[in-house]
Each structure stands twice: as C-alpha cells, then as structure tokens.
Protein chains: 2
Amino acid sequence: MANPALIRDKDAADSGIGALDSILGFHIRLAHGAVYRHFNEAFAELELTQKQVSVLWLVSDRPGIAQIDVGGRLQMDRATTMTIVNRLQERGYLRRERSASDGRKQALYLTSSGETALDDAKRCIESHETWLKSRFTPEEVEKLVEMLSRIHD
Amino acid sequence: MANPALIRDKDAADSGIGALDSILGFHIRLAHGAVYRHFNEAFAELELTQKQVSVLWLVSDRPGIAQIDVGGRLQMDRATTMTIVNRLQERGYLRRERSASDGRKQALYLTSSGETALDDAKRCIESHETWLKSRFTPEEVEKLVEMLSRIHD
DNA sequence: CAAGATTGTATGCTTTACTAACAAATAGGC
DNA sequence: GCCTATTTGTTAGTAAAGCATACAATCTTG
C-alpha cells in the first residue's frame, strides 16, 4: 500500500549512504566486506580463511620461510602470525623447524596434506576470483590491482 | 657480509608475495588492512572505529533510521549492528526510541555529544582521506570508487 | 483471526589484530 | 671476547567484528 518513494523522515526509505558515498576508505571497507563474505561461502567446506590460505600459499612458494617473513609479506604482526600458523600446524598442514642459519627463526614447510589442502584451495580461489573479476575488463583489473598496490605498498 | 641477493632456500630473502600478487582479492585485503591501520592511528584519541563512525554518520544523515536499515546500508547483520549501536549508546552518542510508525523498529537519534563526536570524527576522516587519496589523481579516485562500487553493490 | 515475516534482543563462538612481557638467539660496539 | 641491544618466537590478555541460533514483540498477509 504505502509507496516507498513517498515515505519520509521516520522511515528514511530511500537507499544509499549519503555523504559517506564520497569517502574512499568507506568503499574499500564495503568492497572488502563483500569479498570477505563471498570468500567464506566459497571456502565453507574447506574450512579455510583468507589468511590461512595466504599463509599456505606463501609457505608453498618459499619453503623454509620464517614466521616473521610471512607476517611481513602479509602485513601481520608476530602475534597474529602465530595464531594462524598454530592453527595450520594443529590441523597438520604445516610444520616448524628451527632454522639452521638463524636459531631464532622457525622455518616453515607444508606437509603433504597441507599441499593437498592448498591445491583444493587454489581451485576455490580460481572460481572466487572469476566471480570477482567478472565485473571488470582485463585492463580494469590491472588498473585496479595497480591502484590497490599503491595503498598497501 | 652476506649479500641478500645471494641468500637462497632457507632464508627466502627476496621480497614480494609471488603468485599471490595476481589475486585481486588479496590486494583488496591488503589495501583494506593498510587503510584500517591508518584509520585506527588517526582515531586513537577519539576512540572510535570505522564502523562506529559510519553508524554515527548515517544516523546523523537520517535521524530516526531503524537499526535494520543501518545494518543494511553498511552491510552488517542485525547482531553486529546491535553491538555497535549498544556501544555508541553506552557512550551517550545516540539514543533509541520506539518508532511511531512501526513498533518493531527502534528509531535512532544522535545526542548532542554524539554530534560533537561526529564533528570531531569528520575532521579526522578528512585528514585520513587526504592521506589515502594523496597517491591518486582526482580522476583515479573517481575511477577507483566506481570500480569498488561494482564489487559491493 | 491465524500463520508467517520482520525487527530487536540476548548468548555464544570464531577469527583477526593488537599490546605487553619474557626467553632464546643473533648482531654490533668496545 | 664481552656486554648490550635487537630480533624472533612465544604466551597471555583484550577488543572489534562477524555469524548463528533462539526468542519475544510487532507487523503483514491470506
């Protein structure tokens, strides 16, 4: 009955976010939230988070990498890195070894089940990325990545 | 002594994130993290989070807005919205009133101290946004916002 | 009016992020 | 070599944010 377009004041029925719309940081936050939710749906059965996959991937690329370097590359502090590595170790996806060249460091390696999990994850990421990139041309994706890099580098 | 470029295997001394670099979602996550950290530094003395400021701003723009609409516009579920509104209410920044038009809804209004806090926050956001946008031309900012909107709309 | 949907609320769990403190190992100045 | 400072890992505690579930009150619809 009530035409939504006519509702005013108390119901604030028009959509949009008003002046917030001009805040770049706000759009980054919303976009991140949307990607985060889609990722979690895609990875529900694998039971892996974005961070966990990132760490697995990084350790796979650089066997023997130290925790501090994982944190540095993924922009996490030592404590945060610990909790993620701990969980991955508990699940048997990676193991720690004392580094031979620096006794302070823990060298990280994937286990074979960690590699299997990462292979599954990469397939999920592929479809997740396809979903995400479907709204852009290849040139736009490149431009977007480049601009985002300017923020986090 | 040891040339970093020569270190191999166990130390993985080169920088970068390898194949992860081509994952758009990963860059969104890193950029979000960088913005999040800078925001928190800028708002350390105000003791407000991004979400809290967003809610204050939205309630200021639309006095009497219901919690469910706040959540919808900021893409949060009811439970998450509750915790944020609760905290803002505890701090005396906003108040709840039963909606006259719909008894299920709580109409939200800023208190005068809430408006003061929002004014302070807007000044902080301005410098935060300046920091963020300083790496882009105005055209790039516009393009970036437009592309991010394609993700979260 | 009855049944279903919406909204707010309360509770509990998980992940991420940060701080502070401490121990072990390394690096640097003398 | 020795002493001090730094780095790295670890633990413990705090907090924000997100989500699921359940329940009550209210509204909507058949």
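Computed from heavy atoms alone, side chains included, the values below leave out hydrogens, waters and symmetry copies. Lettering of chains follows the sequences in order, A, B, ..., and the numbering in each one begins at 1.
A salt bridge between A:Glu140 and A:Lys133 is absent, with no side-chain N of the basic residue lying under 4.0 Å from a carboxylate O of the acidic one. Under a 4.0 Å N-O distance rule, the pair B:Asp119/B:Lys122 does not qualify as a salt bridge. By the 4.0 Å N-to-carboxylate-O rule, B:Glu146 lies close enough to B:Arg150 to be salt-bridged with it.
Side-chain proximity of A:Thr49 to the nucleotides C:dT9, D:dA16, C:dT15 is greatest for C:dT15.
Comparing A:Arg98 and A:Arg37 along DNA chain D, the residue whose closest nucleotide (by nearest heavy atom) sits nearer the 5' end is A:Arg98. Nearer to the 5' terminus of DNA chain C, by closest-nucleotide assignment, is the contact made by B:Gln67 (compared with the other of B:Gln67 and A:Arg87).
Annotation: proximity of residues 75-85 of chain B to DNA chain D (heavy atom, distance under 4.0 Å) is found for B:Met76, B:Asp77, B:Ala79, B:Thr80, numbered in ascending order.
When rounded to the nearest whole Å, the span between CG of B:Asn40 and P of D:dA17 equals 8 Å. As a whole-Å value, the separation of A:Arg96 CZ from D:dT10 C1' is 9 Å. Note: CD (A:Glu90) to P (C:dT14) measures 12 Å, nearest angstrom. As a whole-Å value, the separation of B:Phe39 CZ from D:dA16 C1' is 13 Å. Computed from coordinates, the A:Arg91 CZ to C:dT14 P distance equals 13 Å when rounded to whole Å. Distance A:Ile68 CD1 to D:dT10 C1': 12 Å, rounded to the nearest Å. Distance CG (B:Asn86) to P (D:dA15): 16 Å, rounded to an integer number of Å. For A:Arg29 and D:dG18, the CZ to P distance is 6 Å, given to the nearest whole Å.
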Tabulate atom names and distances for all N/O pairs under 3.5 angstrom spanning the protein and nucleotides 27-30 of chain D.
| residue | atom | partner | partner atom | Å |
| --- | --- | --- | --- | --- |
| D:dC27 | OP1 | B:Gly103 | N | 2.7 |
| D:dC27 | O4' | B:Arg104 | NE | 3.3 |

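Between A:His38 and A:His128, the ring planes are parallel. Angles under 30° get that label, and only those over 60° would be called perpendicular.
Using a 4.5 Å heavy-atom cutoff, the side chains of B:Phe136 and A:Ile151 are in contact. Between B:Ser149 and A:His27 the shortest side-chain heavy-atom distance falls below 4.5 Å.
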Check against side chain to side chain contact (heavy atoms under 4.5 Å, CB included), A:Ile125 and A:Trp57: CA-CA 11 Å; A:Ile125 284 194; A:Trp57 196 318; 3.7 Å; yes
Verdict with reasoning, B:Leu58 to B:Arg73, per side chain to side chain contact (heavy atoms under 4.5 Å, CB included): CA-CA 9 Å; B:Leu58 202 50; B:Arg73 283 167 213 272; 3.8 Å; yes
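Proximity of A:Gln50 to the phosphate of C:dT16: no side-chain N or O atom is located under 4.0 Å from OP1 or OP2.
There is a path of hydrophobic side-chain contacts, each under 4.5 Å, that joins B:Leu56 to B:Leu108.
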